[in-house]
There are 2 protein chains.
Amino acid sequence: MTTLLIADDHPLYRDALRGALSLSLPALTLTEAGDLTSTVDILNSEDIDLLLLDLHMPGSNDLFGLIHIRKLFPDVPVAVVSGTEDTQLISKIMSAGALGFIPKTASSGDIANAVQAILDGDVWLPPNLSDSVDEIDEEFSELADNVASLTPSQYKVLCFMRDGLLNKQIGYNLDIAEATVKAHVTAIFKKLGINNRTQAVLIASQLELEPPATSDH
Amino acid sequence: MTTLLIADDHPLYRDALRGALSLSLPALTLTEAGDLTSTVDILNSEDIDLLLLDLHMPGSNDLFGLIHIRKLFPDVPVAVVSGTEDTQLISKIMSAGALGFIPKTASSGDIANAVQAILDGDVWLPPNLSDSVDEIDEEFSELADNVASLTPSQYKVLCFMRDGLLNKQIGYNLDIAEATVKAHVTAIFKKLGINNRTQAVLIASQLELEPPATSDH
DNA sequence: CGCATAATACGACTATAGTCTTATGCGACC
DNA sequence: GGTCGCATAAGACTATAGTCGTATTATGCG
């Protein structure tokens with residue numbers, strides 16, 4: 001039995017995906033999640049053969065979420081579903097370990113083709129874009145690897161750093177001492193090959209689709 | 001006599017623009033610049049009726065360059081020429097004070113139309129995109145205004161901050177004391193309504209098209 | 001079990017960031 | 001000639017960032 005997890009924060013779009021897939025590929029079992037936490041929970045408790053991941057989910061932090069999932073479950077194939085058509089971003093998504101990119105404007109036929117292709121072990125990109133995205137961004141791939149090597153605590157600290165929080169505030173949010181936050185910060189610097197917070201924020205902001213202030217969808 | 005300045009770092013594309021314009025609008029006088037510094041020099045020494053600005057010029061720092069030029073020469077109309085088709089970015093470009101956006105894929109007819117329209121005092125956008133870009137990003141517009149209010153020295157310091165440099169290193173680069181750098185940094189914080197360097201870097205990174213590490217062409 | 005390793009946690013210490021005050025020189029502007 | 005904005009910068013101070021050493025716990029492995 002082949003099981004597929006649809007992770008998207010829009011119930012309507014989940015329904016649309018479910019409808020399109022149950023028609024074209026009725027043999028699939030479909031599961032759903034609406035945020036990153038429940039996505040991780042389901043991946044932990046169930047055997048999932050393919051994850052359809054929307055980058056804009058609550059708690060996902062866009063590309064961070066993809067890297068996070070890829071690190072926790074390297075054996076689960078991931079296809080990213082997103083409204084963007086930015087080829088550079090798609091290149092980053094593929095460099096971060098996604099096996100396919102499905103634009104939200106794709107037809108149900110294309111979606112079914114994409115899912116079938118990835119289940120068969122292929123890589124899938126929208127036909128009109130496959131030319132411009134074929135090459136992998138080496139530099140970004142290394143960056144994604146470095147970020148993936150962060151421990152869960154370090155990952156959280158980096159997220160808060162990217163939001164402009166002080167060490168003290170991060171400690172308060174995570175309920176740990178400021179000294180511990182600093183230890184995590186130092187560890188992050190070593191793993192990312194940098195030596196101060198501004199450079200960390202720059203790297204973290206490269207992993208984000210939209211500026212925090214204007215997330216509007 | 002109407003004079004037009006073509007600012008683009010690709011000699012070939014400058015030639016192409018020159019060719020397209022001299023055919024369709026032979027009454028124009030055309031001038032060229034290959035980087036931001038010489039663009040500013042020419043705007044200082046000559047009367048320019050329209051600037052065609054590529055965002056990816058050396059020293060331009062993408063949107064920073066546009067804001068910089070808009071601040072120094074608020075009376076010179078600017079049309080941005082760029083390879084991107086990202087509607088969000090185009091919206092930012094227009095919010096930062098450009099009067100037109102010309103994609104590099106535009107036909108020579110469209111380019112001539114755009115130049116003529118802006119010279120006539122209109123705003124011009126590619127026909128296929130004008131629907132999705134009509135609204136101005138208020139938040140970003142305010143941000144651009146704030147950045148435009150920076151003095152030249154403050155602007156330079158912010159650029160170096162965005163590159164992850166320490167105050168000491170910025171002082172060395174600009175040949176001023178660290179105390180002066182700190183004074184500028186404090187002034188920048190007040191103008192941008194923030195209170196630490198991380199937030200400044202976040203704002204600065206929103207004004208950049210591509211991450212510094214992956215500028216490729 | 002005994003050992004190694006990684007992750008988390010934290011205090012002590014040093015370096016850097018950031019504020020405030022004050023002061024000087026310069027050019028623009030009326 | 002006075003005023004204003006800007007750039008420069010010193011000194012003194014506080015807050016925050018960042019390093020280092022170390023203790024604790026959990027996890028994997030033979």
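Chain naming here is simple, since letters A, B, ... match the order of the sequence lines and numbering starts at 1 in each. Because the structure is a prediction, the values reported are computed rather than measured.
OP1 or OP2 of dA17(C) has at least one side-chain nitrogen or oxygen of Asn167(B) nearer than 4.0 Å.
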Problem - Sugar-phosphate or base contact per nucleotide [nucleotides 22-27 of chain C; S, B, -; heavy atom under 4.0 Å] - result: ------
Completion exercise
In B/S/- notation (B base, S sugar-phosphate only, - none; protein heavy atoms under 4.0 Å), nucleotides 4-14 of chain D written 5' to 3' is --SSSBB----
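Scored by the side chain to side chain contact (heavy atoms under 4.5 Å, CB included) test, Glu142(A) finds Asn146(A) as partners (sequence neighbours excluded). Under the side-chain hydrogen bond (donor to acceptor under 3.5 Å, both in side chains) criterion, Asp75(B) pairs with no residue at all, not counting sequence neighbours. Partners of Arg70(A) by salt bridge (Lys or Arg N to Asp or Glu O under 4.0 Å), not counting sequence neighbours: none found. Not a single side chain to side chain contact (heavy atoms under 4.5 Å, CB included) links Ala179(B) to another residue, sequence neighbours left out. Residues satisfying the side-chain hydrogen bond (donor to acceptor under 3.5 Å, both in side chains) criterion with Thr3(A), sequence neighbours excluded, are absent altogether. In this structure, Tyr172(B) has no side chain to side chain contact (heavy atoms under 4.5 Å, CB included) partners at least two apart in sequence or on a different chain. Considering only residues two or more places apart in sequence or on other chains, Lys104(A) meets the side chain to side chain contact (heavy atoms under 4.5 Å, CB included) condition with Asp8(A), His10(A), Tyr13(A), Asp54(A), Val81(A). Residues passing the side-chain hydrogen bond (donor to acceptor under 3.5 Å, both in side chains) test with Glu178(B): none are found, sequence neighbours excluded.
To the nearest angstrom, C1' of dA17(D) lies 15 Å from CG of Leu165(A). Taking atom CZ of residue Phe189(B) and atom C1' of nucleotide dA15(D), one finds them 13 Å apart after rounding to whole Å. Atom NZ in Lys190(A) sits about 14 Å away from atom C1' in dA7(C), given to the nearest Å. In this structure, the OH atom of Tyr155(A) is 17 Å from the P atom of dA7(C), given to the nearest Å. Nucleotide dA15(C) holds its P atom 16 Å from the CD atom of Gln169(B), rounded to whole Å. dA15(D) atom P lies 19 Å from atom CD1 of Ile170(A), rounded to whole Å. Look at NZ on Lys168(B): it is 15 Å from P on dG18(C), rounded to the nearest Å. To the nearest angstrom, P of dA9(C) lies 13 Å from CD1 of Ile188(A).
You'll find the side chain of Trp124(B) stays beyond 4.5 Å of the side chain of Leu99(B), heavy atoms only.
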Please table the atom pairs, donor to acceptor, closer than 3.5 Å between any side-chain atom in residues 181-202 of chain A and protein atoms at least two apart or in another chain.
from      : atom 1 : to        : atom 2 : distance (Å)
Thr186(A) : OG1    : Lys182(A) : O      : 3.1
Lys191(A) : NZ     : Ser149(A) : O      : 2.7
Lys191(A) : NZ     : Gln154(A) : OE1    : 3.0
Asn196(A) : OD1    : Thr198(A) : N      : 3.1
Asn196(A) : OD1    : Thr198(A) : OG1    : 2.6
Asn196(A) : OD1    : Gln199(A) : N      : 3.2
Asn196(A) : ND2    : Gly164(B) : O      : 3.1
Arg197(A) : NH1    : Leu165(A) : O      : 3.1
Arg197(A) : NH2    : Asn167(A) : OD1    : 2.1
Gln199(A) : OE1    : Asn195(A) : N      : 3.3

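Between the axis at the start and the axis at the end of the helix from dC1(C)-dG30(D) to dC30(C)-dG1(D) there is an angle of 40°, using five pairs per end and rounding to 10 degrees.
Nearest to the side-chain atoms of Thr186(B) among the listed nucleotides dC20(C), dT19(D), dT19(C) stands dT19(C).
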Exercise for the section: Evaluate the criterion side chain to side chain donor-acceptor pair (under 3.5 Å) for residue pair Asp120(B) and Gln116(B); output intermediate values, then yes/no. Expected result: CA-CA 6 Å; Asp120(B) 291 343; Gln116(B) 189 59 58; 3.2 Å; yes
